[in-house]
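Beneath this line is the structure, given in structure tokens, with notes to follow.
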Amino acid sequence: MNCDPLARWYRWLEYAGFGRALERRRTAFLAAMTTARQVLVLGDGDGRFLSAFLQTNRHAEVDTVDSSAAMLTLARQRVSDTDTPRVRFHHADATRWQPPAVSYDLIVTHFFLDCFTNGELRPLVARLSAFAAPGARWVVSEFHQPDAGLAAWHARAWIAGLYAFFRVVTGLRVRRLPDHAATLATAGFRLEREEIARFGLLTSQLWRRESTTGFCV
Ligand SMILES: C[S@@+](CC[C@H](N)C(=O)[O-])C[C@H]1O[C@@H](n2cnc3c(N)ncnc32)[C@H](O)[C@@H]1O
């Protein structure tokens, strides 16, 4: 997936399709993130979440990883000079990126896990979970497919349209949402809070790693 051609239009296309709905999902649990100290943000795109997070949490150090150089350039521009020293920008493929030897107490993925198939997501989550401290939180925003009724049809149309769009513009090969909930649960995370929006199409979730799960690097 190459988001470079999309980067400068990304925000405006999002607002055209969803207004501020995705932004509300990304910031849904900001208030619960103020105590985090070592944070990993994956696939943040143009950095709008990162910028909002840094304004809310004045102490955390952040590793942010994105495979798109153009997205990272926009993200860098959004971070103030004061906050820059506490952010490490990594231009890398998250599936191969080797985290520094830190123990994250917060991992954040907004509309990122849907860029992977189940077969790709499992090893990615398992590998990165090894860098999550016991009790660490994982905040997720994602598209969501309701089971039945009009909401199911509405979501199916949006999700199919979005995957078709990303396939043409970025080369994304994924065609359906992976089961990120099962993957996180298998990695030892438990769902603590969830907000559903847009007739079930959007979800924000706060997961916590069971404190008994070991940490290793
Ligand atoms: C759909 S966009 C989501 C951007 C942003 N998080 C949001 O909430 O809108 C997916 C982002 O993940 C990045 N990405 C996709 N696959 C990646 C990978 N394997 N490693 C790192 N970043 C990746 C893309 O470059 C893009 O910035």
Side-chain angles (χ1 to χ4, degrees), residues 1-30 33 39-54 62-79 87-99 106-128 131 138-144 158-178 180 183 195 197-198 201-205:
M1 181 189 197
N2 174 15
C3 279
D4 284 355
L6 185 62
R8 54 194 288 243
W9 308 107
Y10 186 74
R11 177 160 63 126
W12 305 112
L13 289 170
E14 174 191 317
Y15 291 156
F18 294 99
R20 300 276 170 171
L22 302 196
E23 216 141 270
R24 282 194 289 276
R25 290 307 97 224
R26 292 185 197 103
T27 53
F29 297 124
L30 262 188
M33 301 185 209
V39 180
L40 173 60
V41 183
L42 296 165
D44 190 42
D46 62 13
R48 278 171 289 151
F49 166 77
L50 178 63
S51 156
F53 172 78
L54 293 171
V62 181
D63 284 303
T64 183
V65 183
D66 203 293
S67 56
S68 162
M71 287 288 200
L72 275 180
T73 298
L74 293 172
R76 272 200 188 89
Q77 290 166 359
R78 284 210 163 82
V79 176
V87 183
R88 291 179 291 259
F89 292 91
H90 304 273
H91 179 212
D93 179 344
T95 60
R96 293 190 213 135
W97 178 70
Q98 185 61 26
L106 175 65
I107 298 175
V108 180
T109 53
H110 294 306
F111 305 103
F112 170 73
L113 304 180
D114 54 15
C115 299
F116 301 93
T117 62
N118 281 317
E120 293 164 340
L121 195 59
R122 275 185 224 111
L124 173 67
V125 168
R127 205 165 59 75
L128 294 174
F131 293 85
W138 191 316
V139 171
V140 176
S141 300
E142 269 311 333
F143 294 97
H144 170 257
W158 268 105
I159 292 165
L162 286 166
Y163 273 129
F165 172 79
F166 276 94
R167 185 161 58 247
V168 171
V169 178
T170 72
L172 181 69
R173 291 190 314 268
V174 179
R175 280 159 195 260
R176 64 182 58 153
L177 294 176
H180 74 268
T183 305
E195 283 184 14
R198 276 268 179 145
L201 174 63
L202 303 175
T203 179
S204 307
Q205 299 174 338

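Computed from heavy atoms alone, side chains included, the values below leave out hydrogens, waters and symmetry copies. Counting convention: from 1, in listed order, for ligands and their atoms alike.
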Answer yes or no: is there a donor N or O on one side and an acceptor on the other, between the side chain of Asp114 and the main chain of Leu177, under 3.5 Å? no
Against heavy atoms of Cys3, which atoms of ligand 1 measure under 4.0 Å? 24 (C), 25 (O), 26 (C)
Hey, does the side chain of Arg127 reach the backbone of Trp97 with a donor-acceptor pair shorter than 3.5 angstrom? yes
Does at least one non-hydrogen atom of Phe116 fall below 4.0 angstrom from an atom of ligand 1? yes
Whether Phe49 and His110 hold their rings parallel, tilted or perpendicular, with breakpoints at 30° and 60°: perpendicular
Is the shortest distance from a heavy atom of Tyr10 to ligand 1 less than 4.0 Å? yes
Could you walk me through whether Asp93 and Thr95 pass the side chain to side chain donor-acceptor pair (under 3.5 Å) test, one step at a time? CA-CA 5 Å; Asp93 179 344; Thr95 60; 2.7 Å; yes
Show me which atoms of ligand 1 lie under 4.0 Å from any heavy atom of Ala94. 18 (C), 19 (N), 20 (N), 21 (C)
For His144 and Thr203, indicate whether the former's side chain and the latter's backbone hold a donor-acceptor pair under 3.5 Å. no
Proximal atoms of ligand 1 relative to Asp93 (non-hydrogen, under 4.0 Å): 18 (C), 19 (N), 20 (N)
For Ala92, atoms of ligand 1 separated by under 4.0 Å from a heavy atom: 20 (N), 21 (C)
Enumerate the atoms of ligand 1 whose separation from the nearest heavy atom of Arg26 is less than 4.0 angstrom. 7 (C), 8 (O), 9 (O)
The atoms of ligand 1 lying under 4.0 Å from a heavy atom of Ser68, numbered in the order shown, are 25 (O)
Check whether His91 reaches the backbone of Ser67 with its side chain - one donor and one acceptor, N or O, closer than 3.5 Å. yes
Under 4.0 Å from one or more heavy atoms of His110, ligand 1 contributes atoms 3 (C), 5 (C), 6 (N), 7 (C), 8 (O)
Atoms in ligand 1 flagged as close to Met1, the criterion being non-hydrogen separation under 4.0 Å: 15 (C)
